[in-house]
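Every value quoted in this text rests on a predicted model; they were computed, and no experiment measured them.
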Number of protein chains: 2
Amino acid sequence: METAWAHELRGAGLRVTRPRLAVLSVLAEHPHADADTIVTGARDLHPSLSPQAVYGVLKALVAGGIARRIEPAGAPALFELRVGDNHHHLVCRSCGVVADVDCAVGAAPCLSPSDAAGFVVDEAEVVFWGLCSVCHGPNRQNHQLDIRGGATA
Amino acid sequence: METAWAHELRGAGLRVTRPRLAVLSVLAEHPHADADTIVTGARDLHPSLSPQAVYGVLKALVAGGIARRIEPAGAPALFELRVGDNHHHLVCRSCGVVADVDCAVGAAPCLSPSDAAGFVVDEAEVVFWGLCSVCHGPNRQNHQLDIRGGATA
DNA sequence: CCCTTGTTTTGAATCAGTCAAATCAAGCGC
DNA sequence: GCGCTTGATTTGACTGATTCAAAACAAGGG
C-alpha cells in the first residue's frame with residue numbers, strides 16, 4: 001500500500017515528495033522536534049536535504065493542517081503531528097523537554113476567557129511551565145541551562 | 001517625592017538609573033511594548049539610549065520581578081508591568097494587538113493539568129488567539145498581515 | 001510521454017536577541 | 001561632600017533561527 005502519509009498529503013492537496021515523507025517520518029519518531037532535529041533526522045532518508053527545504057515542507061504541512069507549530073518562549077519552534085485534538089503542552093524549564101497534556105477541562109473550554117475585550121477568539125493555547133521528572137527528582141543534575149525564568153500562575 | 005518607580009527599583013535591589021526610569025515610563029504608556037518600541041519611546045527621555053542598554057534594562061526588570069516578558073508565537077517579545085496577578089493574554093492574529101484577560105477560572109486553577117506526566121508545574125501560560133474588534137468588525141480591513149495561521153482549540 | 005505547476009535547491013539576507021570588553025555612574029562609607 | 005566599589009551602560013561585533021528570491025527540478029494530469 002501507499003503509505004498513510006502519502007494519503008494525508010494528498011488529502012491536504014499537497015504533492016507526495018521524498019522530502020515531505022522524510023519529514024513526516026522524523027516527526028512520527030520525534031513528536032516534538034525542532035527544525036534542526038528534523039533536518040538531521042530526515043537526511044537518513046534523503047541525504048541531500050537542505051534546511052530551507054525542511055522549512056518549506058514544514059510550512060506546507062502546517063498550512064495543510066497535517067502538522068502544528070508550537071513555539072515555547074525562548075526556544076526554537078517545535079513541530080508535532082497531533083492536530084485538531086485540543087491538547088496542550090508541558091515544558092521543562094531546565095531541559096526544554098515537551099510533553100502533551102489533554103485539555104484539562106473538557107472539549108474546548110479554554111475558548112471562553114471571562115472578558116474577551118471584543119475579540120473573536122478561535123484558539124486557546126496553554127503552556128504549563130515547570131520541571132520534568134528527570135530535572136526535579138532527587139537525582140536532579142540540571143542537565144541543561146534554564147531556558148526561561150520567573151514563576152507566576 | 002521620589003518617583004514610585006525608583007522605589008520599585010530599589011525594592012528589587014536595583015540601582016535607579018535614567019535608562020531604567022525611561023524604560024519604565026514607556027512601559028507605563030504602552031502596556032505591551034516590544035523592545036523596539038521601548039527603545040524609540042525611551043529616547044524621548046534619554047536620547048542616547050542604545051538598544052543593548054534597553055535589553056539590559058529589560059533583563060534586569062524581568063529578573064527583579066518588576067516586568068514580565070511575553071512571547072506570542074511569531075512575534076518579537078513584549079514586555080509588561082503587570083506582574084504576579086495571574087492574568088493571560090488575547091492576541092489578534094491580524095494586527096498583533098495584545099489585550100489582558102484576568103484568569104477565567106479563579107486564583108491559579110490553570111496550574112492543574114489533568115495529567116502532569118511527572119512534571120512539577122509552577123506556571124500556566126494561556127494565550128487566546130483570535131481577531132480584535134477592529135480586525136473582525138464590518139469595517140475590517142486587515143490592517144496588517146497575519147502573524148500566525150491555524151485554528152485549533 | 002510531455003507539459004504545467006507546485007517543490008526543492010541554492011545562495012544570500014533579515015531580524016531579534018546575545019556576548020564581551022571598556023567606560024561610566026549610583027550610592028555607600030568616610 | 002569625595003572617592004571608591006560595584007553594578008550599569010556603551011560600543012561594536014556576532015550568533016542562530018527563520019525568510020526571501022530566482023533558478024533547477026519533478027509530481028502527476030492529459
Show me the side-chain donor-acceptor pairs of residues 27-39 of chain A shorter than 3.5 Å, one per line, residues at least two apart or across chains.
from: A:His32; atom 1: ND1; to: A:Val98; atom 2: O; distance (Å): 3.4
from: A:His32; atom 1: NE2; to: A:Glu80; atom 2: OE1; distance (Å): 3.2
from: A:His32; atom 1: NE2; to: A:Asp100; atom 2: OD1; distance (Å): 2.8
from: A:Asp34; atom 1: OD1; to: A:Asp36; atom 2: N; distance (Å): 3.1
from: A:Asp34; atom 1: OD1; to: A:Thr37; atom 2: N; distance (Å): 2.7
from: A:Asp34; atom 1: OD1; to: A:Thr37; atom 2: OG1; distance (Å): 2.8

**Asked** Minimum heavy-atom separation for B:Ala42 to B:Val26, with atom names?
**Response** N-CG2, 3.3 Å
**Prompt:** Does A:Glu125 pair with B:Arg93 as a salt bridge, N-O distance under 4.0 Å?
**Reply:** no
**Asked** Atom CZ of A:Arg18 and atom OG of A:Ser48: how far apart are they, to the nearest 0.5 Å?
**Response** 7.5 Å
**Integer-rounded Å distance: C:dA16 C1' and B:Asp36 CG** = 10 Å
**Considering all heavy atoms, the nearest A:Ile70-A:His89 contact** = CG2-CE1, 3.6 Å
**Asked** Going by an N to O cut-off under 4.0 Å, is there a salt bridge joining B:Glu71 and B:Arg69?
**Response** yes
**Item:** Toward the 5' end of DNA chain C, by each residue's nearest nucleotide, A:Gly56 or B:Pro51
**Value:** A:Gly56
**Prompt:** Can you check whether B:Arg18 has a side-chain N or O nearer than 4.0 Å to OP1 or OP2 of C:dA26?
**Reply:** no
**Request:** Specify the separation, in whole Å, of atom CG of B:Leu58 and atom C1' of D:dA8.
**Result:** 14 Å
**Item:** Separation of C:dA20 C1' from B:Lys59 NZ (nearest whole Å)
**Value:** 12 Å
**Complete:** Side-chain contact check for A:Leu49: nearest option of D:dC20, D:dT18, C:dT9 is C:dT9
**Request:** Search all heavy atoms of A:Val16 against all heavy atoms of A:Ala6 and return the closest pair with its distance.
**Result:** CG2-O, 3.7 Å
**Message:** Looking at every heavy atom in both B:Val91 and B:Gly96, which two are closest together, and how far apart are they?
**Reply:** CG1-O, 4.3 Å
Just the atom pairs and distances: protein N or O near nucleotides 4-7 of chain C's N or O, under 3.5 Å.
from: C:dT5; atom 1: O2; to: A:Arg15; atom 2: NH1; distance (Å): 3.4
from: C:dT5; atom 1: O2; to: A:Arg15; atom 2: NH2; distance (Å): 3.1
from: C:dG6; atom 1: O4'; to: A:Arg15; atom 2: NH2; distance (Å): 3.3
from: C:dT7; atom 1: OP1; to: A:Arg20; atom 2: NH1; distance (Å): 3.3
from: C:dT7; atom 1: OP1; to: A:Arg20; atom 2: NH2; distance (Å): 3.4
from: C:dT7; atom 1: O5'; to: A:Arg20; atom 2: NH1; distance (Å): 3.4
from: C:dT7; atom 1: O5'; to: A:Arg20; atom 2: NH2; distance (Å): 2.8

**Message:** Check the phosphate of D:dT19 against A:Tyr55, side-chain N and O only, distance under 4.0 Å to OP1 or OP2. Yes or no?
**Reply:** no
**Fill in**
From CD of A:Glu71 across to P of C:dC15 the rounded distance in Å is 17 Å
**Request:** State the CG-CD1 distance between B:Leu81 and B:Ile66, to the nearest 0.5 angstrom.
**Result:** 8.5 Å
**Item:** Minimal non-hydrogen separation, B:Ala60 against B:Arg20, with atom names
**Value:** CB-NH2, 3.8 Å
Between protein and nucleotides 12-15 of chain D, what N or O pairs are separated by less than 3.5 Å?
from: D:dG12; atom 1: O6; to: B:Gln52; atom 2: NE2; distance (Å): 3.3

**Message:** To the closest 0.5 Å, what do you measure between CG (A:Leu90) and CZ (A:Phe128)?
**Reply:** 6.5 Å
Tabulated below should be each protein N or O lying under 3.5 Å from an N or O of nucleotides 22-24 of chain D; please produce it.
none

**Prompt:** Rounded to the nearest 0.5 Å, what separation is found between the CG atom of B:Leu45 and the CZ atom of B:Arg43?
**Reply:** 12.5 Å
**Message:** Using a strict threshold of under 4.0 Å (side-chain N to carboxylate O), is an ion pair present between B:Asp102 and B:Arg82?
**Reply:** yes
**Request:** Determine the minimum heavy-atom distance between A:Val57 and A:Pro19, stating which atoms define it.
**Result:** CG2-CB, 4.1 Å
**Complete:** Comparing nearest nucleotides in DNA chain D, the 5'-proximal residue of the pair B:Ser48, A:Phe79 is B:Ser48
**Item:** Approximate separation, where rounding is to 0.5 Å, of A:Leu61 CG and A:Arg68 CZ
**Value:** 14.5 Å
**Message:** In whole Å, I'd like the distance from the CD1 atom of A:Ile70 to the C1' atom of D:dA17.
**Reply:** 16 Å
**Complete:** Taken to the nearest 0.5 Å, the spacing of A:Leu24 CG from A:Thr3 OG1 works out to 8.0 Å
**Item:** Terminal axes of the helix from C:dC1-D:dG30 to C:dC30-D:dG1 (five pairs each): angle between them, nearest 10 degrees
**Value:** 30°
**Fill in**
Residues in residues 37-47 of chain A with a heavy atom under 4.0 Å of DNA chain C, by number, are A:His46
**Prompt:** Taking only side-chain nitrogens and oxygens of A:Ser50, does any of them come within less than 4.0 Å of OP1 or OP2 of C:dT10?
**Reply:** no
**Side-chain donor/acceptor of A:His136 to backbone N/O of A:Cys132, under 3.5 Å** = yes
**Complete:** Rounded to whole Å, the CZ-P distance (A:Arg69 to D:dA17) equals 12 Å
